[in-house]
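Note that these values count all heavy atoms, side chains included, but never hydrogens, waters or copies made by symmetry. Heads up: numbering here begins at 1 and tracks the sequence. All figures in this text were calculated on a predicted structure; none of them were measured in a lab.
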Amino acid sequence: RRFAAALARHGVDVLWMSVGLFNQYAEELKAEIPRLRYLIVGGDALDPQTIARVRKGCAPRHLLNGYGPTETTTFAITHEVTDVEEGARSIPLGRPVANTRIYILDAHGEPVPVGARGELYIGGAGVALGYQNRPGPTAERFVPDPFGGEPRGGARLYRTGDLGRWLPDGTIEFLGRNDHQVKVRGFRIEPGEIEARLLAHPEVREAVVLAREVAPGDRRLVAYYVGAEGAEAEALRAHLSERLPEYMVPAAYVRLERLPLTPNGKVDRRALPAPADEAYARRGYEAPVGETEQALAEIWSEVLGTERVGRQDNFFELGGQSLLAVQVISRVRQVLEVEVPLRTLFERPTLSQLAEHVLAAQLAQFDPAEIARLTELVRASAGDSLPWP
């Protein structure tokens, strides 16, 4: 509120904000935003839903997406947002500003075709000379320009580490960071793609996805989001499961009042908390029934690192994956003394389903005649002495 009052008091008509601050302040500034000639938002990926709300209810005269690292004098690409399509996954970065050249290159330094993913390189008059007294990082990030440009101080490009692609209309779409790319269960995953799908949920306003190591060798995707209370873990998991392959669906969903920010207004990933038990998708807790379900619940709890497991909980929705499934099967063999094929856990992923199979496997170990003898009903009167098998 104090910030809104300061904008009004000083007659500010051009405002530049980081995405993190904009997402948090948009509601408080809705009376001031329409008075702006230019509102420039950048420094991170824009949330299409937040932008759409601003465009609809309190639009400035011009709303710009501003992209550019400090190493290229703040802005290298801009895009004026005039409309946001319903269900849009992202806001384009736009086109390069004057005296700036943008290249999207593959791993071999060759330009990629329209629609293909590559890394953004920036050339032109805005490219810095390098990092002062840091020759190593300078050589890594400021590379020779093989395309004939002549910026001041020698032909060079700044390697951003950002991923993007050319769109058919000549604008650029941001696809995340190459240093945010993670490897989980052997799959290379771009968290930005998951974040875009999360932001398509009507109850989610902001989202960050990262991989956390919950145990040595056990990395799981965790989604952090700001949104309505109706956006619960189970609903968000179902939403993503319809749109992404299983290996890209986060195991846990942590709802926050706001995302933590660094001093320069970007999301502080190091400050994001570890997921609690309630962050995992559950189907309404039902206590395990019988010795087999209780034993399996203890095994799952130990392997998954979760305190409570219900009989309708799904192993994979609690963060399980193939390597942990192997551990479960091994523990079942040791504790319950029964051999269960690995595929059974994939076919019967809830605790009650697996317990039913384990019971059947235990019974199958006995001789049918012995089972029939043990389960034979004996007619007896109240005063009779009963035989003991």
Considering all heavy atoms of both residues, which atom of [X] and which atom of [Y] are nearest to each other, and what is their separation?
X    : Y    : value
L240 : P250 : CD1-CD, 3.5 Å
P96  : I102 : CB-CG1, 3.6 Å
I104 : G164 : CG2-O, 3.6 Å
L105 : V112 : C-CG1, 3.9 Å
I122 : P69  : CD1-CD, 3.8 Å
L324 : R220 : CD1-NH2, 3.8 Å

Tell me whether [Y] is reachable from [X] by hopping between hydrophobic residues (I, L, V, M, F, W, Y) whose side-chain heavy atoms are closer than 4.5 Å.
X    : Y    : value
V326 : L354 : yes
Y247 : L221 : yes
L175 : V114 : no
L359 : V289 : no
L36  : L64  : no

Test: [X] and [Y] ion pair at under 4.0 Å:
X    : Y    : answer
E257 : R255 : yes
E71  : R141 : no
D145 : R101 : yes

Within the 4.5 Å heavy-atom criterion, are [X] and [Y] side-chain neighbours or not?
X    : Y    : result
R269 : V208 : yes
R95  : I172 : no
P275 : R212 : yes
V328 : L304 : no
E302 : I299 : no
W16  : F22  : no
V41  : N65  : no
R237 : V249 : yes

Taking the side chain from [X] and the backbone from [Y], do they hold a donor-acceptor pair closer than 3.5 Å?
X    : Y    : result
S352 : Q312 : no
R308 : A287 : no
R243 : H239 : yes
T138 : R134 : yes
E119 : G161 : yes
T72  : G126 : no
T70  : T74  : no

Taking [atom1] in [X] as the centre, count heavy atoms belonging to other residues, nucleotides or ligands within less than 6.0 Å. Is the count above 12?
X    : atom1 : value
E356 : CD    : no
Q132 : CD    : no
R9   : CZ    : yes
D169 : CG    : yes
Y25  : OH    : no
E337 : CD    : no

Determine, step by step, whether R35 and D13 satisfy the side chain to side chain contact (heavy atoms under 4.5 Å, CB included) criterion, reporting the C-alpha distance in whole Å, the side-chain angles of both residues, the deciding distance to 0.1 Å, and the verdict.
CA-CA 7 Å; R35 301 174 188 173; D13 62 358; over 6 Å; no
Does any donor atom in the side chain of S90 or E173 lie under 3.5 Å from an acceptor atom in the other side chain?
yes
Reported [atom1]-to-[atom2] distance for the pair [X] and [Y], which is rounded to 0.5 angstrom:
X    : Y    : atom1 : atom2 : answer
R159 : L157 : CZ    : CG    : 11.0 Å
R331 : L296 : CZ    : CG    : 11.0 Å
E203 : Y225 : CD    : OH    : 10.0 Å
L272 : L259 : CG    : CG    : 7.0 Å
N314 : E234 : CG    : CD    : 10.0 Å
T350 : Q353 : OG1   : CD    : 3.0 Å

Does Y103 form a ring-ring contact (aromatic ring centres under 6.0 Å, His included) with F147? I'd like the steps, not just the answer.
CA-CA 9 Å; Y103 302 96; F147 305 108; 4.5 Å; yes
With D162, which residues qualify under side chain to side chain donor-acceptor pair (under 3.5 Å), at least two apart?
Y67, R177
Centroid-to-centroid, F316 to F346, below 6.0 Å?
yes
Go through it in stages, so that I can follow the logic: the residues are I194 and R197, the test is side chain to side chain contact (heavy atoms under 4.5 Å, CB included), and I'd like the CA-CA distance, side-chain angles, deciding distance and then a yes or no.
CA-CA 5 Å; I194 306 172; R197 297 296 195 281; 5.6 Å; no
May I ask you to decide if the ring planes of Y38 and H62 are parallel, tilted or perpendicular, using 30° and 60° as cut-offs?
parallel
Applying side chain to side chain contact (heavy atoms under 4.5 Å, CB included), run through Y224 and Y253 and close with a yes or a no.
CA-CA 6 Å; Y224 297 87; Y253 301 81; over 6 Å; no
Step by step, work out the side chain to side chain contact (heavy atoms under 4.5 Å, CB included) result for I40 and F75.
CA-CA 10 Å; I40 310 167; F75 289 133; 3.5 Å; yes
